[in-house]
Amino acid sequence: MSSLVEAIAKQAQLTFSRNLSEENIVENLSKLIKNVSKIRATDLKLKDTLRTISNESKRKAPVTYIEVAENQTFSMGIFLLRNGARIPLHDHPGMHGVLKVIQGTVKITSFSALSNVPSDTKVPQDVISQLKTGQIDHLIPVEKHTSGNVTDKDEPCVLKPKEGNFHEICAVGGTAAFLDILAPPYDLKERDCHYYISAETKKTDSEVKCWLARTAPPEDFWCESAPYTGPNITL
C-alpha cells in the first residue's frame, strides 16, 4: 500500500503531464489539492529530519530545503524556516504551485501581474522615489492580494501561471515548515527564479496601485539542503 506522500507525488505527475487537456488539468488539480490537504508533518517523518538538523550545529541558514521528489514534470519538497526567517518575494514563471503548511505559522503576501495595462501608463512619482535608477525601467504592474497567516489547519494555497504568481513567505512565532509542489520545476534557462521588491502608490487616482521591481537576492536569505527521511516514492 502506497503512502499518502507517494499518492500525492503520483497525482502531481498525472496532473501536470504535458499530454493532458486543460479540462483534465483542472480536474486533476482539484484531486491533487484534496490529497495535499490531508498531509501532516508525521506523514513526512518531519520530526526525524528536524532532529537531524538540530544536531548539526553548523547549520545556520535561515531556510532549509528537503527534496522529496523531482523530475521534468514537477518538483516536490519541504521548506523549513527558522523563526523570523523569510523566503523573499519571488516569481514562478509559467508555473502552477501548491503549498501546504505542515508545521507552525507562515505569513504569505502574494501578487498577480496585471494584464491589459496601457503601455503609456505613468508610474507615480512616489513609486519611483522608492526605487533605484536601474529598477525603474522594467517595472511589473501588479495586484496585491490580502496578506494572511496560514497554519497546518488551513487548506493548501494555490498559485497559477497568472494568479498569485509572485509571493513572499515569512515564518511567524517560531519555526515553520511547508510542503511545496511546483510544475514545471525551476530550471536555469526557461524558468529561473527572480527576486523583487514591491512599491505602492498613495495616489488615489492611480489606475495601478502597486509595482514590482527586480532586485538582487537579499543578503539575509540563503538556503541549505537536508536529506529526505520520509516514505519512499516510486513514480
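None of these values were measured; they are calculated from a predicted model. Residue numbers run from 1 in the order of the sequence given.
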Run the side-chain contact (heavy atoms from CB on, under 4.5 Å) check on Asp192 and His194 step by step: do they pass? CA-CA 7 Å; Asp192 198 4; His194 308 103; 4.3 Å; yes
Pair Lys107-Ser147, side-chain contact (heavy atoms from CB on, under 4.5 Å): steps then yes or no: CA-CA 7 Å; Lys107 179 181 180 181; Ser147 302; 3.8 Å; yes
Could you pull out the closest heavy-atom pair between [X] and [Y], with the gap in Å?
{"X": "Ala226", "Y": "Thr64", "value": "CB-CG2, 3.7 Å"}
{"X": "Ala113", "Y": "Ile140", "value": "CB-CG2, 4.1 Å"}
{"X": "Pro185", "Y": "Arg191", "value": "O-NE, 2.8 Å"}
{"X": "Val63", "Y": "Ile87", "value": "CG2-CG1, 4.2 Å"}
{"X": "Asp154", "Y": "Asn149", "value": "OD2-O, 4.1 Å"}
{"X": "Lys209", "Y": "Asp205", "value": "NZ-N, 4.3 Å"}

Within a strict 4.5 Å, meaning less than it, do heavy atoms of the [X] and [Y] side chains meet?
{"X": "Val101", "Y": "Thr105", "result": "no"}
{"X": "Leu89", "Y": "Thr109", "result": "no"}
{"X": "Cys157", "Y": "Ile108", "result": "yes"}
{"X": "Leu235", "Y": "Phe74", "result": "yes"}
{"X": "Glu190", "Y": "Pro184", "result": "no"}
{"X": "Glu6", "Y": "Asn232", "result": "no"}

Around atom CG of Asp120, are there more than 12 heavy atoms of other residues, nucleotides or ligands at under 6.0 Å?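 Buried by this count: over 12 neighbours within 6.0 Å.
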Test item: [X] side-chain N/O and [Y] main-chain N/O as donor-acceptor pair under 3.5 Å:
{"X": "Asn71", "Y": "Thr73", "value": "yes"}
{"X": "Ser37", "Y": "Lys34", "value": "yes"}
{"X": "Glu143", "Y": "Leu114", "value": "no"}
{"X": "Glu163", "Y": "Lys160", "value": "no"}

Quick one: do Leu131 and Ile197 satisfy side-chain contact (heavy atoms from CB on, under 4.5 Å)? Show the steps, please. CA-CA 9 Å; Leu131 304 173; Ile197 59 171; 3.7 Å; yes
Apply ring pair (Phe, Tyr, Trp, His ring centres under 6.0 Å) to Tyr228 and list each qualifying residue two or more places apart in sequence or on a separate chain.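 Applying ring pair (Phe, Tyr, Trp, His ring centres under 6.0 Å) to Tyr228 gives none.
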May I have the step-by-step check of side-chain contact (heavy atoms from CB on, under 4.5 Å) for Gln103 and Thr175, ending in yes or no? CA-CA 8 Å; Gln103 177 177 303; Thr175 301; 3.9 Å; yes
Side-chain donor-acceptor contact under 3.5 Å, Gln11 with Asn28: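 Note: Gln11 and Asn28 side chains meet the donor-acceptor criterion.
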Please verify the inter-ring angle class for His167 with His90; under 30° counts as parallel, over 60° as perpendicular, anything in between as tilted.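 The arrangement is perpendicular - the two ring planes meet at more than 60°.
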Once you measure the plane-to-plane angle for Phe166 and Tyr196, does it fall in the parallel (<30°), tilted (30-60°) or perpendicular (>60°) bin?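 Phe166 and Tyr196: perpendicular rings.
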Under 4.5 Å between side-chain heavy atoms, hopping through other hydrophobics if needed: is there a path connecting Ile8 to Leu182?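 Ile8 does not cluster with Leu182.
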Before accepting this row, confirm whether a basic side-chain N of the pair Asp43/Lys38 lies closer than 4.0 Å to the acidic partner's carboxylate O.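 A salt bridge is absent here (no side-chain N lies under 4.0 Å from a carboxylate O).
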Among Asp180, Val158, Ile181, find the one that has a side chain to side chain contact (heavy atoms under 4.5 Å, CB included) with Leu99.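 Going through the options one by one, the only one that passes is Asp180.
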